[in-house]
Each structure stands twice: as C-alpha cells, then as structure tokens.
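To keep things clear, I will list the structure first and then write my remarks on it.
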There are 2 protein chains.
Amino acid sequence: MPTIKDVAKHANVSVATVSRVLSKTGTVSEKNTQNVLEAINALNYKPNALGRYLRTAHTQTILVVVPDITNPFFSNVMKGIQTMANEQGYDVLVMDAEHAHFDSRKCFDMLEQKQVDGLIMLTSRVDRNVLLDLGKEHAIVLACEYLEGTTLPTVSIDNISAARKMTEYLLGLNYTNIAHITGPMETVLGVDRLRGFKQALQAKSVDVKSLNIQEGDFSIESGYNIMGKLLSLEDRPEAVFAANDEMAMGAVNAAKAYGLNVPGDIAVTGFDDIKMASMFTPQLTTISQPTFEIGRKSMDLLFHLLNKEVLVQSQFVLEDTLVIRESCGHLKEQPLQ
Amino acid sequence: MPTIKDVAKHANVSVATVSRVLSKTGTVSEKNTQNVLEAINALNYKPNALGRYLRTAHTQTILVVVPDITNPFFSNVMKGIQTMANEQGYDVLVMDAEHAHFDSRKCFDMLEQKQVDGLIMLTSRVDRNVLLDLGKEHAIVLACEYLEGTTLPTVSIDNISAARKMTEYLLGLNYTNIAHITGPMETVLGVDRLRGFKQALQAKSVDVKSLNIQEGDFSIESGYNIMGKLLSLEDRPEAVFAANDEMAMGAVNAAKAYGLNVPGDIAVTGFDDIKMASMFTPQLTTISQPTFEIGRKSMDLLFHLLNKEVLVQSQFVLEDTLVIRESCGHLKEQPLQ
DNA sequence: TCATAATAAGAAAACGATTACAACTATAAT
DNA sequence: ATTATAGTTGTAATCGTTTTCTTATTATGA
C-alpha cells in the first residue's frame with residue numbers, strides 16, 4: 001500500500017507538495033503538479049483517510065439514529081438525509097435504536113470519540129439531560145420527534161395539530177364514538193398525537209372515553225391486537241384513529257378477521273402515509289408527512305451547525321397533509337396506483 | 001477536550017500506562033490502574049478513535065451498499081447485518097446505490113482509503129472486474145445477488161430454482177398461459193428468476209410466449225404499468241408471476257383498476273415475502289427469503305475474512321420457501337394477521 | 001539596480017493514540 | 001551475596017496525513 005511518502009519519492013518532491021496538489025490548496029508549479037499526478041497514477045495511490053482525519057480532526061461522516069431501520073417511514077427520511085449529506089460530501093452512518101432497546105451511550109460515544117462529526121436523532125427516547133448537555137458541545141439535530149422545551153435544533157411536523165385535524169375530519173363525517181390507538185406513551189410522538197385527538201373531541205364537547213384510548217407500540221401486531229379489544233367493547237367504536245399506518249393496517253385486518261367491513265362497518269385511519277397506505281385495501285386515509293424534506297432539512301441544519309454558523313431559526317415545523325382515501329367511507333377521486 | 005496525555009499527567013504516569021489500562025493489555029499495578037481510572041473519570045476523558053484507528057490501521061466499521069434503502073426487503077437484510085456486526089463490535093455504514101445510479105468508485109474508495117475494514121454488497125450492479133480485483137486485497141462479501149463465476153464469498157438463495165418452484169406451482173394449479181414480469185435484465189436477480197420461469201415452462205413443454213415476458217424495474221409503478229399491457233393482450237394471461245412483491249402489488253392494483261378480480265379472474269404471485277405481502281388484499285403467494293439470516297451470514301463471512309481466516313466454504317445458498325396465500329386462488333390455512 | 005512582493009518548495013511539528021524496547025524494580029532461587 | 005525471573009514502568013518511534021514555518025527563487029515596480 002503506497003503512502004504519501006512513496007508518491008513524494010517517486011515524484012521527486014516533498015510530502016508537503018504532494019499534500020498540496022492532493023488538497024488543491026497552496027501553490028504548486030505546473031511541472032510538479034504533473035509529476036505528482038503521474039506518480040499517484042503510477043503507484044495507484046489512495047490517500048489514507050485515517051491520517052487525514054486525525055490531522056484535520058473531522059471525519060466527514062455523520063451518524064443518524066433511527067428507531068427502526070425496517071420502518072418505511074424512517075427509510076424515507078433517511079433518504080433525504082443521505083441525499084443532502086452526499087451533496088455536501090458527508091457520509092452517513094446508521095444506528096438502529098431498536099425502539100430504544102439499545103444503549104444510547106453508544107451513539108453519544110461515537111460523537112465524543114470523534115468518530116463522527118455530527119448526529120441526527122430520529123428518536124428522542126434517550127436520556128434527556130445527557131442529550132441536551134451533549135448538544136452544547138456537539139452538532140446534534142432532532143428530527144421527527146422534538147423534545148419538549150429543547151434548545152436543540154429540531155425539524156418535524158406539528159403532531160398535535162395533525163392529529164387534531166384527523167380527528168376533526170372523523171368528527172365531520174359524523175362519527176362520534178371514536179377510538180384512538182396511541183403510540184408508546186414514552187414517545188413524544190405518541191403523546192402529542194393523543195393530545196391532538198383529545199383536543200378535537202373536547203372542542204366539540206364529545207367526551208373522551210378512557211376505554212377508547214389504547215396504547216400500541218407502532219407495530220402491525222399491536223394494531224391487530226388492540227383492534228380485537230376495541231371490537232369486543234360493549235359500546236363498539238364507529239371509527240378508530242391509529243397513530244401510524246402500520247397499526248391502522250393491523251386494525252383493519254383485525255376487523256376483517258372479525259367479519260367486519262372497513263369502512264362499511266367501521267372506519268379506520270392511519271398516520272404517516274407510508275407507501276403501502278395507498279396500496280392497502282381499503283386505501284388508508286392518513287396524514288402525509290414530508291419525509292424526504294424532513295431528512296433534507298435536518299441535514300441542512302446539521303450542516304450549518306458543523307460549519308459553526310449561527311442558526312437564525314432552529315425549530316422547524318413542516319407542513320403535513322390530510323390525505324383522504326377510502327378507509328373512512330368518504331372516497332375522493334384518487335388514482336388507484 | 002482532554003487527551004491521553006492529560007490523563008497521564010493527572011494520574012502521574014506515562015501515556016503508555018494509560019493506554020495499557022485502557023486496552024486492558026499488558027500489566028499495570030493495582031495502584032496505578034486506580035489512579036488512571038480516577039483521572040479518566042475526573043477529566044471525563046474519551047479516547048479519540050481516530051488516533052487509535054490510525055495506529056492500529058482498522059476502523060471497526062464496515063460498509064454495506066444497498067440498491068435502495070427504502071426497500072423493506074433490504075432493510076431486513078440490513079438488520080441481520082447490523083445485529084451480527086454489533087455483536088462483534090463493528091459499526092455499519094450504509095450507502096444507497098439508488099439502483100446503480102451511484103458512482104461505485106465511491107464505495108470502493110472507502111475500502112482503499114481505509115475508511116472501512118470491509119464491504120458487503122447487496123447489489124452486484126458494479127464493474128465486475130474492479131470488484132473482483134478489489135476482492136483479492138480486501139474483505140468483500142456479496143449478498144442476495146451473486147456474481148456469475150465469482151471467487152468472492154457469496155450468500156443468497158437459489159433464485160433459479162425458487163422461480164422454477166413458483167412457476168411449477170402455478171402450472172400445478174392448471175394455469176398454462178402464464179406471464180412473467182421480470183426484474184431489470186442487467187441484474188443477476190432478474191435474469192435468474194426469468195431463467196427459472198422458463199425452465200419450468202419448458203419442462204412441461206409449455207411454450208414461452210415472448211409477449212408474456214415483460215421487463216420491469218422492481219417498482220410498484222412498473223408492476224402497475226406492465227400489468228396494464230398484459231391485460232390488453234389479445235391472449236390475456238391467466239396468471240402472472242412478478243419477480244418481486246412490489247411489482248406484484250402494482251399488478252394486482254392494475255387488475256383491480258381494470259375491473260378484474262384477483263385471483264378470480266387472474267392469478268398473481270410475487271417474490272421476496274416482504275412484510276406487506278401478507279397484509280395486502282389478496283394476500284400474496286410468494287417466495288420467502290431468509291432475509292435476516294442472509295444478513296447475519298454475510299456479516300459472519302465478512303468477519304472471518306477480516307480475521308484473515310481461510311474460508312472452508314465461501315458460497316452459501318440458503319433455503320427459500322414457497323408461501324402459499326390467497327393471490328392464486330388456492331387458499332391454505334394462514335392466520336390473517 | 002535594488003527593494004519588495006509573490007510564488008514554490010522543503011523540513012519538521014503536529015494530530016492522539018499504540019507498542020517495541022529498554023530499564024528498573026522486587027522477589028525468588030542459588 | 002549473587003543471579004535469574006517476573007512484574008512494572010517510561011521513552012520514544014510509529015501510523016499517514018496536514019500545516020506552520022522557513023527559505024529559496026522568481027517576478028514586479030520604482
């Protein structure tokens with residue numbers, strides 16, 4: 001494996017000169033530039049990134065922690081991050097938090113050990129204080145899940161108002177006995193969507209029955225199981241709002257297994273608008289999040305942080321959209337594909 | 001940011017001693033060990049990974065190149081890799097090849113520049129010779145898509161026989177006019193599955209009509225569009241075998257849009273058994289791949305390579321399963337969830 | 001022609017760890 | 001007392017770059 005020294009020797013110059021032509025900084029004569037370039041070619045020299053990183057003290061790679069790589073919602077956000085990162089010459093490391101079953105110190109260490117330059121957290125299920133402290137010294141941005149009263153840069157949608165919007169839509173369809181399958185109550189996402197749900201109900205003076213609120217874990221299975229419970233309630237709900245699309249699909253399938261028709265017998269809505277939401281039968285009415293844009297914006301923010309620029313604005317809430325499809329019995333025109 | 005020197009000074013020992021207690025190698029007296037540990041704590045010292053990496057010449061991180069991070073099939077393989085990697089103390093970098101629209105030199109450079117210790121390719125749509133050459137000097141394993149006549153370690157299923165099995169199943173259901181929506185013909189995956197399809201037909205002396213073979217690109221959209229073509233054929237196929245689940249779903253939806261019932265009017269099958277295959281209506285009959293295991297095995301192989309062990313076996317083909325659900329009109333018992 | 005500025009290039013010092021080597025204990029064996 | 005041995009420790013080299021100084025050379029302008 002040739003090093004910069006070998007190149008220097010081969011080109012009859014000093015290592016400094018080689019480094020200069022490599023990084024296109026400083027001034028090197030035309031003749032030497034050519035010599036160095038030839039030597040690089042002749043030896044098939046590839047600069048060792050480690051040497052450079054140690055000296056320059058940054059790795060040009062960032063870490064993103066995602067609750068579950070398997071979840072299509074997050075892979076879209078990831079794609080946005082990835083795209084933006086590559087544009088700026090950064091590489092992206094991914095860490096799967098496995099729904100917070102991981103040791104969050106691992107990702108913090110990577111930051112502190114200079115293994116990565118920055119961090120994008122797609123989950124906030126970590127030690128709040130540690131995260132906040134770390135944010136003072138390092139480049140960290142929070143996406144999707146913001147942290148209550150945080151100083152960290154954040155990009156997400158307004159989950160409360162989105163959930164309220166969804167519930168109001170259901171109310172507008174004249175459903176009043178509405179259930180909500182929540183996300184995990186230790187996530188801001190779960191809590192906020194529940195909050196929006198309640199707000200809409202209370203605004204219409206519909207009372208919120210505690211039996212109609214059941215905690216899920218964002219998985220298809222939990223949607224299926226909880227729907228089972230809901231359906232066996234004495235006062236069976238007419239509509240159920242699931243806190244994400246996966247749970248909604250589980251719920252629909254539970255209803256089908258129960259011999260019920262969706263939306264004929266019971267309406268179901270989701271949240272996130274993952275790709276499958278429109279492929280599913282019935283097509284899911286849901287909240288569409290600008291996933292790619294969330295990713296892009298997060299990386300953009302991180303990039304500013306990395307460059308020590310002062311952020312004029314650090315909290316970004318992006319637009320979500322209620323997309324109405326079939327699962328609530330109100331079919332708007334929509335191409336099937 | 002404290003360095004090892006600061007710790008040494010604080011603990012009144014040499015940097016060598018600090019390094020020794022850090023890496024638990026060599027012998028250090030009980031007293032000094034304690035002093036060093038205290039100093040580390042007092043200064044909140046985190047060893048700089050870059051320094052270590054440069055010296056030890058490896059980064060403990062591997063790179064995996066995936067055709068499309070958004071595809072659930074690959075995220076499951078990724079999960080297997082990730083799990084195994086973490087067990088062995090490796091980190092995982094992900095690069096999205098965007099269906100080979102990326103510059104493959106980028107991932108090769110990372111290997112050559114020592115940015116990563118090893119490479120797992122989930123796609124082989126790269127320059128064959130470059131890849132093979134690189135494999136002589138570096139740790140590389142190919143997963144999912146093997147390379148014809150390669151010397152590189154490989155783990156995948158036998159796509160030809162799996163596709164044959166699927167086609168035979170269709171034939172067994174007495175369909176004879178069967179179409180195949182292929183994957184991209186520049187992927188081994190696409191070619192192999194087509195090959196298996198043809199083999200099954202030829203074995204039964206059913207002639208393969210060229211109009212019944214249409215090239216897709218693994219996307220839902222292409223499945224939808226191609227199905228449109230297929231349905232307007234004078235001699236409309238009774239069954240269509242799509243080379244992956246996404247295209248199968250697109251095909252089903254096209255049929256629905258056409259006013260056709262699946263499987264009543266036309267049978268459709270997929271390949272891969274992604275999570276949604278069983279959530280979809282009708283539930284997809286498909287080929288199930290041991291995704292997690294493919295990931296695990298690949299990482300295991302890579303790990304051996306990294307340790308310079310000689311591989312007794314380097315080509316692994318894992319078991320696939322035909323999972324029969326609803327989409328071909330032959331419903332076996334299967335829990336709905 | 002001389003002072004000044006600009007350009008080119010090398011020597012050597014970082015960066016922060018690991019580790020080979022040597023040196024110095026203390027203890028045990030002779 | 002002397003030697004051998006094992007256990008500790010420190011010094012300094014090393015990994016492969018980048019970058020700060022210096023110095024030498026050439027070009028520019030008065």
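We use all heavy atoms of the structure for the numbers below, so side chains are in, but hydrogens, waters and symmetry mates are not. Letters A, B, ... mirror the listed sequences (proteins, then strands); counts begin at 1.
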> In whole angstrom, what separates A:Lys9's NZ from D:dT17's P?
Replying inline: 14 Å

>> Any base atoms under 4.0 Å from A:Ala57, or only sugar-phosphate, or nothing? Heavy atoms, all strands.
In response: nothing

> What residues in residues 36-45 of chain B put a non-hydrogen atom under 4.0 Å from any atom of DNA chain D?
Replying inline: none

>> Go nucleotide by nucleotide along DNA chain D from the 5' end; which of B:Thr33 and B:Gly51 gets its closest nucleotide reached first?
In response: B:Thr33

> Does one side chain, of B:Thr59 or B:Asp117, offer a donor that lies under 3.5 Å from an acceptor on the other?
Replying inline: yes

> Counting only heavy atoms not in B:Lys9, do more than 12 sit closer than 6.0 Å to its NZ atom?
Replying inline: no

>> Is B:Thr56 close enough to C:dT18 that one of its side-chain N or O atoms is under 4.0 Å from OP1 or OP2 there?
In response: no

> When the distance from CD of A:Glu112 to P of C:dG16 is rounded to whole Å, what number comes out?
Replying inline: 15 Å

> D:dT11 P sits how many Å from B:Arg20 CZ, rounded?
Replying inline: 11 Å

> How far does CE of B:Met121 sit from CG of B:Leu134, to the nearest 0.5 angstrom?
Replying inline: 10.0 Å

>> What is the separation between atom CD on A:Gln113 and atom P on C:dA17, rounded to the nearest whole Å?
In response: 10 Å

> Is B:Thr17 near enough to D:dT8 that one of its side-chain N or O atoms lies under 4.0 angstrom from OP1 or OP2?
Replying inline: no

> Which value, rounded to the nearest 0.5 Å, describes the distance between B:Gln313 atom CD and B:His304 atom NE2?
Replying inline: 11.5 Å

> Does B:Asp133 use its side chain to pair, donor to acceptor, with the backbone of B:Val130 at less than 3.5 Å?
Replying inline: no

> Atom CZ of B:Arg52 to atom P of C:dC15: distance rounded to whole Å?
Replying inline: 19 Å

>> What is the separation between atom CG on B:Leu54 and atom P on D:dA13, rounded to the nearest whole Å?
In response: 17 Å

>> Just checking A:Arg128: does its CZ atom have more than 12 heavy atoms from other residues, nucleotides or ligands closer to it than 6.0 angstrom?
In response: yes

>> Run the side-chain hydrogen bond (donor to acceptor under 3.5 Å, both in side chains) test on A:Gln115 and B:Tyr53 for me, step by step, so that the C-alpha distance in whole Å, both residues' side-chain angles and the decisive distance to 0.1 Å come before the verdict.
In response: CA-CA 10 Å; A:Gln115 231 171 123; B:Tyr53 292 165; 3.1 Å; yes

> For the pair made of CG in A:Asn32 and P in C:dG10, what is the distance, rounded to whole Å?
Replying inline: 7 Å

>> Under 4.0 Å from OP1 or OP2 of C:dG10: is there any side-chain N or O of A:Ser14 that close?
In response: yes

> A:Arg55 CZ to D:dT19 P: how many Å, rounded?
Replying inline: 6 Å

>> Does C:dT7 have its OP1 or OP2 closer than 4.0 Å to a side-chain nitrogen or oxygen of A:Thr27?
In response: no

